[in-house]
Amino acid sequence: MAQVRVRFAPSPTGPLHIGGVRTALYNYLFAKKNDGLFILRIEDTDKARFVEGAEKYIMESLNWCGIIVDEGINEGGDYGPYRQIDRKEIYRQYADILVDSGDAYYAFDTPEQLESLRRKSENAGQTFIYNAATRESLDNSVSIQEAVWKEKLTRGEPYVIRYKMPHNEDIHFDDIIRGNIVVNTSTLDDKVLFKSDGMPTYHLANIVDDHLMKISHVIRGEEWLPSLPLHVMVYRSYGWDPPHFAHLPLLLKPDGKGKLSKRDGDKMGFPVFPLFWPYGETAKGYREEGYYPDAFVNMLALLGWNPGTEQEIFSIKELTEAFSIDRVGKSGSRFDPEKAKWFNHQYLQKRSNNQLALELREFLRAQGYHIDIVRLEVLISLVKERVSFVKDIWEQTDFFFKAPETYDQEVIKKRWKEDSLSLLLELRSLLEKMDDFEAVRTEPVVKKWIMDKGYNTGAIMNVFRLVIVGTLRGPRMFDIISWIGKEETLKRIDKGLSVIGKY
RNA sequence: GGUCCGUUUGUCUAGGGGUCAGGACGGUAGAUUCUCAGUCUACAGACGACGGUUCGAUUCCGUCACGGACUACCA
């Protein structure tokens, strides 16, 4: 097989959607699996939709995911430039080739004229198509005299170049994922290849660049499937061998209908973008929400692809070995934010306590706490398996750092009995007498005291937890007080008694 | 409306002419415990519908229904 070269070709029109990231990922995995190269091309032919910062965002996103670009704007390569705006002259030349060969023509119809024709057809319950059936009656170099359109051209009248779609011809083509597809050209229109602003449309730029950049496989979203017959025809007109095509199914909303959009994320509280988008209307990102890039990538890879085994956890390296385009599904995948969290949980469990302590220290610094790394490791060992994100550790352990400010009224009502005060006082003096307080973690002193006195464990431990934590949650009490120390433990008992003791 | 694509539990999916239709997320229950969470165990839950082909269809074919994409001088 010839050298595998794939490209990811986003438009810099805003932040990169996770569907786009998945497309990039599948391209990358396919390339690496087949010892190929991954090319990043920026498709910025639409001046009107260009958004400042989007290009940088795309690159940062890929970088965060661990998707390494082999050829691109920053990386260089033998087939540049890799920004379409810088290839402007190339497209003009290739558009002319098609006009000269008679496969494309000049059209002078204004957008307003076309719009009105479309409306008229719509009112009549039909669809206006600019093709063999209508072009003779429209304003273009096929329908009017050569002398006339040449004069329009020299006068500088605005025009576009349209592809001359043949009449009533069945086009057969293959898609790696969907198999053979047949479309009749009569249902297709004479697509604009070259715009009046001097820039090509996607259809022209895409084909010319893929050919010039020697792209072997085009892996892109399903939204491009309807224009595949056009692309196949244009390749044929140029006499070029088309690349192989694979159209990926779309990512769908977690609920309801349609494809995943930014709105869904806002509504249901999960990010739809890999990174935070800081411009204009801001958007949340997976990175900032605390996801690990390898967990994010793993989750995305399994959304629409599966290895055929029951393995679910894959490093990106393992993915490049296991990936196969044949195992990409045909139908759209509904995005499940819960499963995304599960993946992060799995990856967090695999991290060492030391690594997590380092991450947590950063987080705590922002909260104004400066805690010794060894103490943080102990803390992490207590709550690690119950959290999915580093920020969850804080939510699970805030009471380790600060005494409760309020006490859960429900718990007081249910658990605070007449003897609670005296029991806690007894416990207090027991703890106060301990020389090696940290040992409370493993030494059954308290248990022994409860047994000897014949007390009820629940009756004591629950109110004890109430004064230390403020409510009924958290790890084992002995782990908590061992960590916060004797002084703090006694202080919290005293405070609790003085506040709740009145009841 | 038209063209094309798709349809296995609530979700991601495996499978494939005869299987107990498998796994994961989520859900429920029990166990564990001083609490929550977690963990472990168990349980519930699917081949869109209807016709064919066949000894036999979830798997092949057809029709319908539903879902999706596209239908721009946007990508």
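The chains referred to below are lettered A, B, ... by the order of the sequence lines, with proteins before strands, and numbering in each begins at 1. Predicted model, so just to flag it, every value in this text is computed and none were measured.
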Closest approach of A/I85 to A/D44 (non-hydrogen atoms, all atoms of both residues): N-OD1, 2.9 Å
Which is true for [X] with a 4.0 Å heavy-atom rule: it touches a base, it touches only sugar-phosphate, or it touches nothing?
{"X": "A/V160", "value": "base"}
{"X": "A/R476", "value": "base"}
{"X": "A/R178", "value": "sugar-phosphate"}
{"X": "A/S333", "value": "sugar-phosphate"}
{"X": "A/G329", "value": "nothing"}
{"X": "A/R327", "value": "sugar-phosphate"}
{"X": "A/P475", "value": "base"}
{"X": "A/S227", "value": "nothing"}
{"X": "A/T201", "value": "sugar-phosphate"}

In whole Å, what is the span from the [atom1] atom of [X] to the [atom2] atom of [N]?
{"X": "A/L248", "N": "B/A75", "atom1": "CG", "atom2": "P", "result": "21 Å"}
{"X": "A/Y163", "N": "B/C73", "atom1": "OH", "atom2": "P", "result": "18 Å"}
{"X": "A/L472", "N": "B/U33", "atom1": "CG", "atom2": "P", "result": "17 Å"}
{"X": "A/D189", "N": "B/C4", "atom1": "CG", "atom2": "P", "result": "15 Å"}

Say we look at [N] and [M]: how far apart would their [atom1] atoms be, to the nearest angstrom?
{"N": "B/A24", "M": "B/C36", "atom1": "C1'", "answer": "25 Å"}
{"N": "B/A75", "M": "B/A49", "atom1": "P", "answer": "43 Å"}
{"N": "B/C64", "M": "B/G1", "atom1": "P", "answer": "13 Å"}
{"N": "B/C12", "M": "B/G45", "atom1": "C1'", "answer": "15 Å"}
{"N": "B/G67", "M": "B/G27", "atom1": "P", "answer": "28 Å"}
{"N": "B/U9", "M": "B/A46", "atom1": "P", "answer": "9 Å"}
{"N": "B/U63", "M": "B/C5", "atom1": "P", "answer": "13 Å"}
{"N": "B/C61", "M": "B/G23", "atom1": "P", "answer": "29 Å"}

Identified side-chain hydrogen bond (donor to acceptor under 3.5 Å, both in side chains) counterpart of A/D190 within the set A/R162, A/K164, A/R135: A/R135
Output a table of nitrogen or oxygen pairs between the protein and nucleotides 38-47 of chain B separated by less than 3.5 Å.
residue: B/G38; atom: O2'; partner: A/E385; partner atom: OE2; Å: 3.3

Contact nearer the 5' end of RNA chain B, comparing A/D109 with A/K259: A/K259
Contact nearer the 5' end of RNA chain B, comparing A/M461 with A/W342: A/W342
Side-chain donor/acceptor of A/T187 to base of B/G2, under 3.5 Å: no
Under 3.5 Å donor-acceptor pair, A/R334 side-chain atoms to B/C12 base atoms: no
Compare the minimum distances between each of [options] and the side chain of [X], then state the nucleotide with the smallest one.
{"X": "A/I181", "options": "B/C73, B/C4, B/C25", "result": "B/C4"}
{"X": "A/K195", "options": "B/A14, B/A75, B/G1", "result": "B/A75"}
{"X": "A/K447", "options": "B/C25, B/G6, B/C34", "result": "B/C34"}
{"X": "A/E310", "options": "B/C34, B/G68, B/G22", "result": "B/G22"}
{"X": "A/E222", "options": "B/A75, B/C36, B/G68", "result": "B/G68"}
{"X": "A/F478", "options": "B/C73, B/C34, B/A75", "result": "B/C34"}

Identify all side-chain donor-acceptor contacts of residues 193-200 of chain A below 3.5 Å with residues at least two apart in sequence or on another chain.
residue: A/K195; atom: NZ; partner: A/T45; partner atom: O; Å: 3.2
residue: A/D197; atom: OD1; partner: A/M199; partner atom: N; Å: 2.9

Pair A/S482, A/D479: side-chain N/O donor-acceptor within cut-off below 3.5 Å: no
Output field: ring centroids A/Y347/A/Y291 closer than 6.0 Å: no
is_close_aromatic(A/F108, A/W149), centroid dist under 6.0 Å: no
Presence of A/R41 side-chain N/O under 4.0 Å of B/A75 phosphate oxygens OP1/OP2: no
Partner residues of A/D174 under the salt bridge (Lys or Arg N to Asp or Glu O under 4.0 Å) criterion, sequence neighbours left out: none
A/D419 CG to A/L424 CG distance, which is reported to the nearest 0.5 Å: 9.5 Å
Reported CG-to-CG distance for the pair A/N353 and A/L379, which is rounded to 0.5 angstrom: 10.0 Å
With A/F296, the ring pair (Phe, Tyr, Trp, His ring centres under 6.0 Å) member among A/F273, A/F270, A/Y286: A/Y286
